[in-house]
Q: 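Take a look at the following structure, please.
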Amino acid sequence: MQLPPALHARLAGAPGSAEPLPVERDPAAGTTPFSFAPRLVRFPREHDFFEDGDVQRHLYLQDVLTQVGGAPERPRVPEFTCQVAGCCQVFDALEDYEHHYHALHRNVCSFCKRAFPSGHLLDTHILEWHDSLFQILAERQDMYQCLVEGCTEKFRTSRDRKEHLVMRHLYPADFRFDKPRRSRGPAVPGAAEQVLAEALGDDRVPSEGDAMEVCSEHVEPSPEPAGERRAYSHRIPSTICFGQGASRGFKSAKKRNKHQ
Amino acid sequence: MWSRQRGGLKPLRCGVEQLRCRRREREAALRKARREQQLVSKRLLRDEALEEAEEGCVAMIFGEAEIQQFLRLAQRGTEEKEREGALVSLRRGLQRPETQQTFIRLEGSIRTLVGLLTSNQALLQLEAARCLHELSHSEQSAVVEACLPATSYLLTYLSGHSSDFIELCLYTLGNLIVESEAVRRQLLPQGIVPALAACIQSPHLTVLEALGYALSQLLQAKEAPEKIIPSVLGSTLPQHMLQLLQPGPKLNLGVAVEFAWCLHYIICSQVNNALLITQGALSTLGLLLLDLAGAVQRTEDAGLELLACPVLRCLSNLLTEAAAEAVGGQLQLRDERVVAALFILLQFLLQKQPSLLPEGLWLLNNLTANSPSFCTSLLSLDLIEPLLHLLSVSNVVLTVLCNVAEKGPAYCQRLWPGPLLSSLLDTLAFSDTEVVGQSLELLQLLFLYQPGAAQAFLQQSGLQALQRHEEVAQLQDRVHALQQTALHG
């Protein structure tokens, strides 16, 4: 198909077009037995017309997806240490460092040094844990914001919010980023020091296994033995434990399994 | 995907002919799937034949004891490298369906994996995510659905900052999305649309491409027009998508391809195209068309047709919206460069992907149907002859010519003389009733508006050409009418 040579130049030229020729229709045009009339044509989703293009698209996706998911080869660099105070991780690849930094140092609460996966969760945490004004306001109005981005619901208590997360958003009942702050009465032996340290806003790097709690509402200590099983709401099976009594991190993975 | 180096691509141990053969088989399988409306299905995501070829080099099948050991090491090992290594081994094993089955049946295994995914050890997180990705890729529903406890975390991590990790989460989500409506019924209330809307602001191209892929799968779902597209349209996603399709130095081909397909799925579902038009979709797509035409001339870039296809479709469908009329006065949609660009693309498609020509011609029809401006452009840019060249490809060429001719004598005058007559005589020789019928319509218009056309037709043995069809039911009346006009004026 030969295109006029001026065409390419025209494409590169300025926008605009020649004055349209005058339109002058004869009423006899397109009358019986003829029927032509110009028509805009549209095709819906599943139309066969799209078959060829769709097939090409999926061939492309197949090629691409076979390449995804393997660990890419990383160029190795001389070992270096993370520069953040108190962190001594060593790396030999920049991408590994990038991920480490973002996971552990990027969204860190300056009060309690906890790390969060996103700025959104960090902001919520600071508000609920470290803002005394929040606590005051929370006594009078719904302050606990739903954690799902885009959901504007607010709740009076973190428990209500939790219930909303589970019922409305199908979140797991033990969502790791929404554990209530443990009460002053430790239910697990050895947790006393940790709780105290929290209360003092201890300036330490979060140790391995620190979960990333968001909400700070104090939960009343339960009279149940070992503080393990606590009914959260009549709608949530009582076998689900919300962290009351469970120590942070997956050291207690075995314990959690029982509640599965 | 375009210029990325994925070190993991394993060498193929087969020749070019085998590759072609395999491609034909894959294509046939995809066509069949599309006809059955099963195009969005897990088993098609991976090239099965490719997997078989590689079975030799993939890790062995692991049993329960081995898996447990890996998990234990990963959780509680003392040495960082040891823990990471355990997960790497596990991940390799999870490429095998047998290992996947064993894994999901092991009590607490997913829970442990999710625990590692959400741990504070960044590299363990990454490896755990890769393990999940393997599982999400499985053809077995039970395996894929075992990943469901992780989805709230995958979505949470989309608001993070580590681009590799986010990319992995997105591809995993993409696989899960494709799995079943049941899975999507969990993902939607968990906030996948707002999560994607937040994530699309990422500056990382790899993240954007992965996001586009996941979103395109979501939009292709059967229930999308009712259950998904309305909330997508209500979010900031369309604005961001259009921004990512703006031509210019920042335009990335891989990213643009994904979002162009996303737009196509939204538009052809016809949920609220007027909204897209108010957000400037027509304008952006028009500019993109011009840019594409420029690109096909400049580079040998493989894959421009992958972008051309959805752009052509989106434009064509949008032009049918009433709202397009209102906006039509705006820039691009009167600009004759659009017609120039389209023809350059048609020529490109003729070389690269002839099966897409009908789609290009579809756009040409929608551009010219109600637009004296574009019809004039066709004439003033001398595009009738190239257009005739495509007669053998599709009847739409005749429709477009009719679009031009029906606008009156000023237009027909410019169609005449020239190669049109001999082309018409050729098409009259076809046995296809559709083609002949369209030719007859065009002839009527030419006879009506162009003095001398009928005469010339007679002189070129037009009557004999018509006679051939005198007995055909759908054509009879028109044939006779034309014969009368030609003979008696």
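FYI, side chains are in, hydrogens and waters are out, and symmetry mates aren't considered; it's all heavy atoms of this structure. Every chain is numbered from 1 and lettered A, B, ... according to where its sequence line falls, protein lines coming before strand lines.
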Q: Looking just at side-chain N and O atoms, do B:Ser159 and A:His120 make a donor-acceptor pair shorter than 3.5 Å?
A: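 There is no such pair (donor and acceptor under 3.5 Å, judged by atom type) between the side chains of B:Ser159 and A:His120.
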Q: Checking A:Asp48 against chain B: side chain, backbone, both or neither under 4.5 Å from a heavy atom?
A: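 Both parts, backbone and side chain.
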Q: Over 60° means perpendicular and under 30° means parallel, so tell me whether B:His264 and B:Trp261 are parallel, tilted or perpendicular.
A: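 Perpendicular.
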Q: Measure the acute angle between the ring planes of A:Phe80 and A:Phe91, then classify it against the limits of 30° and 60° as parallel, tilted or perpendicular.
A: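 Ring orientation, 0 to 90° scale: tilted.
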Q: Quick check on B:Gln270 against chain A: is it the side chain, the backbone, both or neither that has a heavy atom closer than 4.5 Å?
A: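 Contact with chain A: side chain only.
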Q: Can you tell me which of B:Cys375, B:Pro358, B:Ser235 forms the most heavy-atom pairs within a distance under 4.5 Å of chain A?
A: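 Among the listed options, the one with the most contacts to chain A is B:Pro358.
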Q: Where on B:Leu346 is there a heavy atom nearer than 4.5 Å to chain A: the side chain, the backbone, both, or neither?
A: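 Contact with chain A involves both backbone and side-chain atoms of B:Leu346.
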Q: Look at the rings of A:Phe49 and A:Phe43 and say which category their plane angle falls in: under 30° parallel, 30 to 60° tilted, over 60° perpendicular.
A: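 Judged by the thresholds at 30° and 60°, the geometry between A:Phe49 and A:Phe43 is parallel.
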Q: Using the ring of each side chain (for Trp, its six-membered ring), is A:Phe50 parallel, tilted or perpendicular to B:Trp362, with breaks at 30° and 60°?
A: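 If you compare the ring of A:Phe50 with that of B:Trp362, the planes turn out tilted.
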Q: Please state whether the side chain, the backbone, both or neither of A:Ala14 comes within less than 4.5 Å of a heavy atom of chain B.
A: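 When you check distances to chain B, only backbone atoms of A:Ala14 fall under 4.5 Å.
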Q: Classify the angle between the aromatic ring planes of A:Tyr97 and A:Tyr101 as parallel (below 30°), tilted (30 to 60°) or perpendicular (above 60°).
A: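 Rings of A:Tyr97 and A:Tyr101: tilted, 30 to 60°.
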Q: Under a 4.5 Å heavy-atom cut-off, does chain A meet the side chain of B:Glu385, its backbone, both or neither?
A: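 Contact with chain A involves no heavy atom of B:Glu385 at all.
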Q: Given heavy-atom pairs under 4.5 angstrom as the criterion, report whether the side chain, backbone, both or neither of B:Glu321 touches chain A.
A: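 The answer is both parts of B:Glu321.
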Q: What part of B:Gln476 gets closer than 4.5 Å to chain A, counting heavy atoms only: side chain, backbone, both or neither?
A: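 It is neither, since no heavy atom gets under 4.5 Å.
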Q: Tell me, side chain or backbone of A:His99 under 4.5 Å from chain B's heavy atoms, or both, or neither?
A: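 For A:His99, the contact with chain B is made by backbone and side chain together.
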